[in-house]
Amino acid sequence: MIKALRGMKDLSFEDSSRFTYIIDIATDIAKKYGYSYIETPILEETKLFKRSVGESSDIVGKEMYQFIDKGGNDVCMRPEGTAGVVRAFIQDKLDRRQNEKFKFYYYGAMFRYERPQKGRLREFHQFGCESFGEDLVYEDFTIIQMVGDIFKSLGIDYRLEINSLGCSRCMPPYRENLINFLNGCRDELCQDCNRRIETNPIRVLDCKNEKCKSLLRESPKLIDNLCSSCSSDFNRLKELLDIANIEYSVNSNLVRGLDYYNKTAFEFVSSSIGSQSAIAGGGRYDKLVEFVSGKSTPAVGFALGVERIMELVKMPNRERDGYYMGVMNSSDIDKLFPLAHRKRKSSSVTIEYRAKKLKAHLKGADRINARYCVVIGEDEAKNGTVWVKDLEKSEESILKIDEF
RNA sequence: GUAGGCGUAGUUCAGUUGGUAGAGCACCUGUUUGUGGCACAGGUUGUCGCGGGUUCGAGCCCCGUCGCCUACCCCA
């Protein structure tokens with residue numbers, strides 16, 4: 001038997017309806033916040049991700065689905081959505097239109113070559129939004145509110161964590177500061193952290209190792225060393241969230257795994273889905289457009305992990321819907337096609353082509369969860385009528401075939 | 001890449017000390033010649049992941065291999 005590749009899953013029945021339910025709700029809300037759909041390719045030049053996601057990230061370092069195509073190009077299946085959207089934004093020269101705002105939502109498959117586990121697959125799906133051209137912190141707030149709206153609408157409980165990663169003015173001095181601190185306790189930090197001091201010292205803050213964690217309690221906090229602009233934006237953000245009654249906690253160790261974030265970083269977390277607890281994450285990335293050779297453009301965005309949310313979403317009860325049609329004698333089957341075609345203008349219709357006993361038809365209608373079971377038997381064929389049973393109310397009637 | 005757990009019917013799983021391959025659910029038929037869900041009765045369903053070894057005999061023991069799951073790392 002040929003099976004799907006490791007870390008790749010088919011979605012059908014219950015799963016696919018959960019999937020589309022989430023996308024539909026997220027799409028609906030994103031549109032209400034003024035976002036329009038953007039579709040970008042799954043395959044991009046590897047360079048794009050190296051430059052945007054960052055060489056120091058694990059995503060680029062070891063998790064890319066990267067290969068040389070038949071034309072000799074170094075290409076990569078996208079590991080996340082933002083890079084492609086930013087590339088499209090620049091390619092369309094939208095970065096030149098400096099006074100305009102552009103808001104895009106997207107969803108689709110992302111690929112990371114890693115060991116699959118609960119809530120983490122090699123092919124997974126994200127829904128995300130990117131807002132370009134707005135540097136005011138109100139947009140950060142609005143995006144967080146939008147994600148909150150989506151989860152609320154899906155009936156999902158979450159915890160919101162926020163942090164500020166500073167900007168090009170306050171981050172570099174802090175970084176030096178932190179490196180000094182880390183070098184001071186180098187011998188006591190774990191191996192990974194020692195490596196991170198060179199590659200990406202900020203990520204040490206995120207270490208799960210208990211020993212590292214306790215050492216880091218004494219570390220300098222970026223939150224106490226923000227420049228005046230970052231500091232006042234962060235305070236403003238907290239005020240806005242308070243006023244909107246959105247609960248949050250400040251997590252000064254929250255650093256996003258991708259290099260391009262600055263200022264606001266946030267993560268929506270759920271405690272009920274195993275160890276992969278982040279269900280959405282995002283923040284501001286004012287420098288990214290420049291990194292990818294565009295004209296400097298402030299931007300904020302987020303992405304949510306569809307598969308992780310599928311485990312949490314409470315689906316509305318599925319109600320009986322549509323028609324099941326069948327005949328008891330095979331010679332009457334032709335009568336059903338025009339009937340079905342007419343009904344399909346407004347309802348879903350399933351025809352059973354094989355002649356069956358009434359009981360079998362009723363069971364068949366039940367199985368597909370149809371609201372109405374429509375059958376032409378001997379009497380109906382003779383009289384030009386159809387027998388219709390409402391399976392919910394358990395009421396039946398006989399109608400002229402033209403009037404049905 | 002590392003560690004642990006698991007592979008038996010469509011599915012969820014049991015399978016004793018190594019001795020004829022099992023159950024629930026699902027499915028089909030009937031009770032009901034034209035009335036679903038409920039009940040009862042009967043019935044179908046197997047490369048025991050794959051390959052080798054030990055043995056008179058392996059689902060069970062041994063070796064290898066593949067796959068799945070969970071966790072670490074990291075992330076949505």
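Each chain gets a letter, A, B and so on, in the order its sequence line appears, and its residues count up from 1. Since this is a predicted model, take the numbers as computed values, not measurements.
The side chain of A:Glu378 has B:G34 as its nearest neighbour among B:G34, B:A76, B:G1.
Distance CG (A:Asn329) to P (B:G34): 10 Å, rounded to an integer number of Å. B:C75 atom C1' lies 13 Å from atom CE of A:Met110, rounded to whole Å.
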Between the protein and nucleotides 4-12 of chain B, which nitrogen or oxygen pairs are less than 3.5 angstrom apart?
none

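Residue-to-nucleotide proximity on RNA chain B shows that, of A:Trp387 and A:Arg308, the 5′-proximal contact is made by A:Trp387.
Residue A:Arg6 is in sugar-phosphate contact alone, with no base atom involved, counting any heavy-atom pair closer than 4.0 Å across all strands shown.
Here the two rings, on A:Phe104 and A:Tyr37, have centers that are 6.0 Å apart or farther.
Taking 3.5 Å as the limit, the base of B:A71 and the side chain of A:Arg120 contain no donor-acceptor pair of atoms between them. For B:G34, the base has a donor-acceptor partner in the side chain of A:Glu380 [N/O atoms by modelled type, under 3.5 angstrom].
Stacking of A:Arg122 on the aromatic ring of A:Phe111 is not recorded, the 6.0 Å distance cut-off and the 45° axial limit not both being met.
A:Pro201 has its side chain within reach of A:Leu182: a pair of non-hydrogen atoms, C-beta onward, lies under 4.5 Å apart.
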Which pairs of donor and acceptor atoms, one on a side chain in residues 394-404 of chain A, lie under 3.5 Å apart (sequence neighbours left out)?
unit_1: A:Glu396; atom_1: OE1; unit_2: A:Trp387; atom_2: NE1; d: 3.0
unit_1: A:Lys400; atom_1: NZ; unit_2: A:Asn383; atom_2: O; d: 3.4

